[in-house]
Amino acid sequence: MEDKEKEKWLLAGKIGKEARELGISLAKPGTSLLSIARTIENKITEAGGRPSFPPNLSVNQVAAHYTPKFNDTTTLKVGDILKVDVGASIDGFLSDTAATVVVGGEENVLVKATREALEDAIKIVNPGIRINEISQVIEKRIRSYSLSPIVNLGGHGLKRYEIHEGDFIPNATTNSSKILRSEGAIAIEPFATTGGGYVIDSSDVQILMFNGGKAPRSKLGRDILDFIKMEYHTLPFAKRWIMEKFGPFSELEIKNLVLSGALYEFNVLKEKDNGIVAQFEHTILFDKGEVTVTTL
Ligand code: MN
Ligand code: MN
């Protein structure tokens, strides 16, 4: 990897880590999710980056893909389990990192188990390791606390302007003998739950991504799509960002762009048994045999 490229991966990691820590520090009873998201977004921009994706602020049974909606009024309550999942993009070189906090309280066993599962995985991760070895240590640690790993979520490869690419790193043992990439970036992200360990799509969608296709018929549709391509490339963006720029009526146009295939929707993911969910995540860079956790 060229030095210039490596510097961008590392800077994206540093900004992502700072954004994650800021988000966790703001998670107090009575604070609105919208204010936390905006503060994180401003911090990333002021540091010279762009969000890799909208800050995911998922609470309790919601595992992932929730970012505050337009005019969101949700506030945090004592005892809420908040996942702060954020990342920065530097010229398309990305970070993706998460932590979980008990709002107004101390770390509980669910959060501890998930944090330790990521620490275990980081200890053994190496270029070219069998992916299943990572899955095994994650599952073992989580089950040692009589909790369940979420089996249909996991780590992934990252590439320039592609947040999910190539390798999938399950959070539970599989029969796969696949080998992890030996160059480039990956994210490892254990999820643990008090439920059975499976997430399902909910009908709510707050995050979308450009998906290609032909130009829409309406002027507003074309303007929105041009803006998305220019501002976010192929990275996920928040419905709220478009509605703040083009007005609340643009929500209907966004739906049209989904129906025409121009945009891809990320459904909010919930644990199927309504189990409470925790998540931790780091981005890891492999370069000529060297392993760097960029978000540590
Ligand atoms: Mn993430
Ligand atoms: Mn991820």
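For ligands, and for the atoms within them, numbers begin at 1 and follow the listed sequence.
Judged purely by distance below 3.5 Å, without hydrogens or angles, the side chains of Asp204 and His65 never pair a donor atom with an acceptor atom. Side-chain contact, Glu281 with Thr97: no donor N or O sits under 3.5 Å from an acceptor N or O. Arg50 and Ser89 share no side-chain donor-acceptor pair at under 3.5 Å.
Between the Mn ion (ligand 2) and the N, O or S atoms of Glu189, the shortest distance is to OE2. If you look at Asp96 and ask which of its N, O or S atoms sits nearest the Mn ion (ligand 1), the answer is OD1. The N, O or S atom of Glu281 with the smallest distance to the Mn ion (ligand 1) is OE1.
With 2.8 Å as the limit, Asp85 counts as an N, O or S neighbour of the Mn ion (ligand 1). Among the atoms of His164, no N, O or S atom is found under 2.8 Å from the Mn ion (ligand 2).
For the ring-ring contact (aromatic ring centres under 6.0 Å, His included) with His233, the lone residue among Phe53, Phe227, Tyr161 that qualifies is Tyr161.
A salt bridge links Glu116 with Arg141: the closest approach of a Lys/Arg side-chain nitrogen to an acidic carboxylate oxygen falls below 4.0 angstrom.
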